[in-house]
Amino acid sequence: MTKTGDIRQSRTNLDIRNGQVNLSHGSGGRAMAQLIASIFVKHLDNELLRQGNDQALFNVEAGRMVMSTDSHVITPLFFPGGDIGSLAIHGTVNDVVMSGAKPLYLSAGFILEEGYPLAELEKIVISMAAAAKQAGTAVITGDTKVVERGKGDGVFINTCGIGVVPAGVNISGNRAQAGDAIILSGSIGDHGVAIMSSRENLQFATTIISDSASLHNLVADMLDVTKDIHCLRDPTRGGLATSLNELAAQSAVGMVIEEQKIPIKSAVRAACEILGLDPLYVANEGKLVCICPAEHAASILTTMQQNPLGKNAAIIGKVISDDNHFVQMNTAFGGQRIVDWLAGEQLPRIC
Amino acid sequence: MTKTGDIRQSRTNLDIRNGQVNLSHGSGGRAMAQLIASIFVKHLDNELLRQGNDQALFNVEAGRMVMSTDSHVITPLFFPGGDIGSLAIHGTVNDVVMSGAKPLYLSAGFILEEGYPLAELEKIVISMAAAAKQAGTAVITGDTKVVERGKGDGVFINTCGIGVVPAGVNISGNRAQAGDAIILSGSIGDHGVAIMSSRENLQFATTIISDSASLHNLVADMLDVTKDIHCLRDPTRGGLATSLNELAAQSAVGMVIEEQKIPIKSAVRAACEILGLDPLYVANEGKLVCICPAEHAASILTTMQQNPLGKNAAIIGKVISDDNHFVQMNTAFGGQRIVDWLAGEQLPRIC
Amino acid sequence: MKYIDEFREHSLAQQLANAIKQEADNNRTYRLMEFCGGHTHAIFRYGIQDLLPDNVEFIHGPGCPVCVLPMGRIDNAIELVEQHDVILCIYADLLRVPASLGKSLLKAKASGGDIRMIYSTQDALKIARDNPNREVVFFAIGFETTTPPTAVAIKQASEQGLKNFSIFCNHVLTPSAMQAILDAPEPVSIDGFLGPSHVSTIIGSQAYEIFAQHYLKPIVIAGFEPLDVMQSSLMLIRQLNTSRHQVENEYTRAVTRTGNVKAQSLMNEVFCLRDEFEWRGLGLIPKSALKLRANYAQFDAELRFQLPAIKASDVKGCECPAILRGAKRPVDCKLLGTVCTPENPMGSCMVSSEGACAAYWSYGRLRGARTNKLSA
Amino acid sequence: MKYIDEFREHSLAQQLANAIKQEADNNRTYRLMEFCGGHTHAIFRYGIQDLLPDNVEFIHGPGCPVCVLPMGRIDNAIELVEQHDVILCIYADLLRVPASLGKSLLKAKASGGDIRMIYSTQDALKIARDNPNREVVFFAIGFETTTPPTAVAIKQASEQGLKNFSIFCNHVLTPSAMQAILDAPEPVSIDGFLGPSHVSTIIGSQAYEIFAQHYLKPIVIAGFEPLDVMQSSLMLIRQLNTSRHQVENEYTRAVTRTGNVKAQSLMNEVFCLRDEFEWRGLGLIPKSALKLRANYAQFDAELRFQLPAIKASDVKGCECPAILRGAKRPVDCKLLGTVCTPENPMGSCMVSSEGACAAYWSYGRLRGARTNKLSA
Amino acid sequence: MCLAIPAKIIALDTSNDRATVTVDNVQVEVSLALVDDVVIGDYVLVHVGYALNKIDQDEALKTIALFAEAGLSWAS
Amino acid sequence: MCLAIPAKIIALDTSNDRATVTVDNVQVEVSLALVDDVVIGDYVLVHVGYALNKIDQDEALKTIALFAEAGLSWAS
Ligand code: SF4
Ligand code: SF4
Ligand SMILES: [Mg+2]
Ligand SMILES: [Mg+2]
Ligand SMILES: [Mg+2]
Ligand SMILES: [Mg+2]
Ligand SMILES: [Mg+2]
Ligand SMILES: [Mg+2]
Ligand SMILES: [Mg+2]
Ligand SMILES: [Mg+2]
Ligand SMILES: [Mg+2]
Ligand SMILES: [Mg+2]
């Protein structure tokens, strides 16, 4: 993607309005260079990307870095509250940020299906650029591949991100300890329900929009309260239930959560009832789970609630010692149950 | 990919021998955790990957770093001389190395098509692991997505790499200067011809194998001779012609190359004649172009020739000043012509 | 959510729990079979058992259509996809049900089978209209609740002259299952039934009167919300305490004595009784399932594709049959949680979220661990 | 590569260049039309012009089947894909040829058209056999060289009873094109012809004797390797210097006077002459193209799909027609290199690597820049 | 047995015998092929895209009262 | 006009009227439907997967001699 090339020699413009991706846009030749220059470099523009090499070069200071990657394969590509472009930024920024790191730079790898409209691609890239800017980072290197029709699905975007971990921060999934508090940053299931509502084969309509967002500021605010945060995780695919089970397993602990404390929008609950889904397993893209020593929980919570992305944050439970590493839940109804890993996939049920 | 999860609770094993990727392997739940643990983490195993977080954490020293990404979408996935796994490592390592950097770490993002055999996937991952090890680097973080049949093509792999640039090294595509020598590290077109020969619809057979290889040692050897190398580029998609045109455009110079000096295997020439292709545009995956001050050319060349990956290296031409930024070639026949950018794609021709 | 949230009210749950504790006789046990998977699901999901005294015990019944489907029928469906290259439309619940040889529709799909998950029979009709050159088969499954929507689709297909559409019919009847349980050679000890909820919406509560009269078992038609389950349990306890055996209706907001006559006549128009049908766990039960009537027989995939009757053996060690009869509990199965888990189910009871094993494993295991019944 | 490398030998090139320099009369020009795109390609790719004196000038001829195809025929092919949903099998050379409204087969493919690139007519037959429920059309294009392989495929399709296979026939005849150039109202000044190479392999050199006799133009059948082109040029210069006008054969290793009789009779069995056919640049030429004979008419896609005759206008400003007649050179086109480039071709001459514009742009531009004919 | 949920009719499409229903502002299209005489404002029980029947709102209130009564009976 | 390349026959499949040919060890399958009487060792001109005709090896040598002669004629 960094090969802007000498398209000066060709004075014709890419017909973004009517054009479609075709095989020559992935050939490595001038058609690809033109696509890259007219859409990718144009909108993602920054000094490092403009170096125009196969890699981007930058200075770093001594310290601890993190690296994380996600590929994004969402259907539909545009959904209420976002699109694959912004999602590809948020998804990787959040994984970087869940270490407590400040995001530094991103790479982007596009796999385009022959026939995809260039105008739509441009919208996606504009959205990426805005999301990257908002997250205080930039796409500094990239790659473009084109696959034949029927061998892709419009647009896939891989992003990889690096970030710098501030001194004194030591966040990892294996650090939860019995007695720690579990804080959730906001309502669950918004992203998954927004996506499902925009799939043509499920005829239901909601006003729910995806929560897709970069959590860098929220995490920075939390670390301003104390560096003594044990775990952070963004409950994406598999939902809150999966993230809690991951953390319980990694830290070899159990957890008890309170169903009544878990923020959830009524429309999300309703959509889940209609489809036979459990909102605990429905995906989020702008939420985090924080596990911290109980003594910091209240002050972290207060700070989170002052950030727009954490305004519905709640302490939803606590870490216990349990050789089974169960995540158990006190139901709103007054009983108790396990919250297990997701089995299979979340599909609408009839029974 | 880093979510190994607590698969201990499920005592059944993934049926790698007979199994196929299905939608539950991309769900974020335990089936995915099991796939990741049984194939990805098992074979790519290293301490950072084992951190099991959504990101990998490592220490860096102050200095200059590079970042580069490539998605790999090759057909067929296994080809003479390699497979998508090794290629995904070589491709990104080489882009990192073309800055003169020492490769540090890699990420890997897999997009798997429903139905892909797990046994083949494991072969690919084993091949990746070997290639990463051989390149002195490691895959430290990753991601797995599953797409429905007909929305992917078996396996796509994105890799992103970071590397550290040694002090005093300053390599960039815009540094070619009139008078510089152009060195090519070996024969052209091997990868492209090997791939074409293994596509079922083109019924030709050769003994040519892909040149897919990591060039980290070769570049290190070259930098041992002198740090005063101006440009490095690996002529992949679009071939040698495209890389030279890119460098000419970036550096705002012209080039003259000698057709007779360009190493090419007779079978590659023959296959290109049969298919109506120009080998200058055929892809390589283990070659580099080096542009350096003429006074260093001979000693760099000698050193390259002592490395197995550079044993057929040759000085193929020189940089000139030319406002047109043409790459021109003195033909073996005695004439002259332009070597233009690739137009369209390299497809077998009848006329 | 109106008419939902009121029936999940925590404070009322506590009151009902106390009433049950109060009224349940400490000197006896109350073995109540919740007929439906919907009840099973509610019991585990809301932790109802935690609210009841130990002598009130739920016995999980066969009322999960996915669970009682014999494995051979999934084998048939896979044959439709693999041998006859049809587009198979299924409710997603079926995707992971084990078939013979470790297969499933999920794996058949991964292997290239054209299997589409639908939400409604209307979707299946649309797929048939959109693919006129393909055979489209709807895997019809369900009790009387789910049968009328299939009947509507068949009538529409007939009116629209849809030649490429057919159904693989697996609709079964709940009264037959209840009778089979009560008539079993070694019947399970059951004191009373929480009767079907949405099935009764269609067929009415009177369908169960014969059981109350003939077998002298109290039956309370019970809604699926947790307060419904608790209230119905209380009503059963009261009948048992007073030696009554009536059909009572707790779910009056959705169930009448006569049910939905329109839906019944639609079913009756399109379907007729099979002579017999195999139920997992209950074996061959006469007149327990439906097939298409002769005048709709052209929509019968079993005839169109000449599907064989497949006698598939369940996985060795899987206790689904006994569990579905109420004769065993999930914890009695040695495979539970070791070989058999939701991601690798050995039996259908582990697949459907209404299956007793899945409900136990996903929600109820905590109780097991706590009481050392199971060390995970 | 035996029988290739010997004909690209650098040292011999130098000798031949010196011979030409020696023998060419400084007081006149030699305007030699290389008939074939293969010659054009060789001239640019090897830089032959650099080796010849300035008064020996190549005029690029119409001998590129892709270049002379009128735009309306590509429109027809797109119609086959978009309206009739056929699998269209093409030689990859056709993929980027501009159609009306900025379309091309590349773009039609991107829009979802099922267009398959094949290497041989045998591949098209296989695709037809593998897709019995789809109509498969082979876009047959080419001069006499490429026609016999199409004839073989038609015979096989007939023998195999392949009902879903047909061809969209665009095979044209080189002698007709040569005649059209010579008969043009304002004929281009041409001193002699480098005659077709592989066409002559099939039809033999005698096909051109009438032109030498009637129009008094020397013709040398010339191979496609660069030494062939130089030697043939020398032979033409010698004929011109001695005022001869014969058909000479430089390409004796592959061309005889009578050609490949077996291939000719196959062509004759399957094809017959069209009354007339449109050539880009040359207009309607009578008896210049082939169609399927009546007994193979069932394989004619034009009949099967009732394709209309489309009269498409070339892009305004594109000089392809004049260039194909030899009346203009690529540098005479104002669009060259600005609007029209290989990645965005306006005319067919910029698409085929044998097209004069593409050859000039991709290989020959250097010479233009050097002589300031073009500032890029 | 089968998942069904009470939903309120907010629009009728009588020509197609279909309705739009809502559950807490989530809208779904359902078939009315199995029910007669529904009007806007009615609650219906929705299963696999079909309204199975009307919810009897009076009976719902009575049942809720019963729960309270059970509690009271004990409290008393 | 059309791309064709001399290749050597190394194997015949007479039942299918096909042959395997090589160019510098690159093997291709071709149809022999357009040529008669070819034997292993013959060079044929290959175009779109068909052998168009045999290369006359004597004539090839003569032509090469002609090139040299042209040079000589000048050198002389
Ligand atoms: S746990 Fe599994 S194997 Fe055991 S009875 Fe249940 S479904 Fe069958
Ligand atoms: S340069 Fe382009 S527009 Fe001009 S004549 Fe050639 S093909 Fe036509
Ligand atoms: Mg990640
Ligand atoms: Mg992520
Ligand atoms: Mg790249
Ligand atoms: Mg697609
Ligand atoms: Mg994450
Ligand atoms: Mg790269
Ligand atoms: Mg690369
Ligand atoms: Mg991930
Ligand atoms: Mg595919
Ligand atoms: Mg590169």
Side-chain angles (χ1 to χ4, degrees), chain B residues 1 3-41 75-77 110-122 124 144-156, chain C residues 78 81-82 85 87-88 90 92-117 131 134 315-318 333-347 350-351 353 357-358 360-363 365-366 368-369 374-376:
Chain B
M1 202 184 89
K3 300 175 184 174
T4 57
D6 185 11
I7 63 153
R8 175 182 77 90
Q9 290 187 3
S10 166
R11 276 156 243 179
T12 51
N13 292 321
L14 195 65
D15 181 3
I16 293 178
R17 193 180 308 174
N18 305 304
Q20 293 178 312
V21 171
N22 66 49
L23 295 180
S24 64
H25 293 121
S27 63
R30 198 142 43 187
M32 186 172 99
Q34 197 179 38
L35 176 74
I36 289 168
S38 313
I39 295 188
F40 296 119
V41 174
T75 304
L77 297 173
F110 293 84
I111 300 177
L112 308 176
E113 187 184 8
E114 185 190 18
Y116 193 72
L118 294 176
E120 302 288 292
L121 179 62
E122 186 178 44
I124 288 168
T144 310
K145 293 293 185 311
V146 174
V147 293
E148 276 197 287
R149 220 169 233 276
K151 299 190 165 183
D153 195 20
V155 178
F156 297 148
Chain C
I78 291 174
V81 165
E82 292 186 346
D85 196 32
I87 299 177
L88 185 73
I90 64 169
D93 311 60
L94 285 167
L95 198 59
R96 316 182 71 249
V97 181
S100 299
L101 305 170
K103 287 192 177 185
S104 67
L105 290 168
L106 176 71
K107 289 179 183 167
K109 181 175 182 313
S111 297
D114 195 346
I115 297 172
R116 317 266 180 107
M117 273 151 296
N131 294 275
R134 297 284 304 278
V315 170
K316 219 179 133 160
C318 169
C333 175
K334 291 203 183 66
L335 307 187
L336 177 75
T338 55
V339 176
C340 183
T341 58
E343 40 287 332
N344 197 26
M346 292 293 115
M350 189 55 99
V351 174
S353 70
C357 300
Y360 175 81
W361 184 252
S362 300
Y363 298 135
R365 222 179 338 155
L366 180 62
L374 175 84
S375 60

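Fair warning: this is a prediction, and the values are worked out from it, not measured in the lab. Numbered from 1 within each chain, the chains take letters A, B, ... in sequence-line order. Reckoned from all heavy atoms, side chains included, excluding hydrogens, waters and symmetry mates.
- Residues satisfying the side chain to side chain contact (heavy atoms under 4.5 Å, CB included) test with N131(C), not counting sequence neighbours, are I87(C), R116(C), I127(C), R134(C).
- Residues of residues 98-108 of chain C that come closer than 4.5 Å to chain B, counting heavy atoms only, are L106(C), K107(C), ordered by residue number.
- Partners of E120(B) by side chain to side chain contact (heavy atoms under 4.5 Å, CB included), not counting sequence neighbours, listed by chain and number: F78(B), Y116(B), P117(B), K123(B).
- For the atom pair E343(C) CD and L14(B) CG, the distance stands at 11.5 Å (nearest 0.5 Å).
- The side-chain heavy atoms of N344(C) and Q34(B), taken from C-beta on, include no pair separated by under 4.5 Å.
- Shown here are the side chain to side chain donor-acceptor pair (under 3.5 Å) partners of S24(B), two or more places apart in sequence or in another chain: N22(B).
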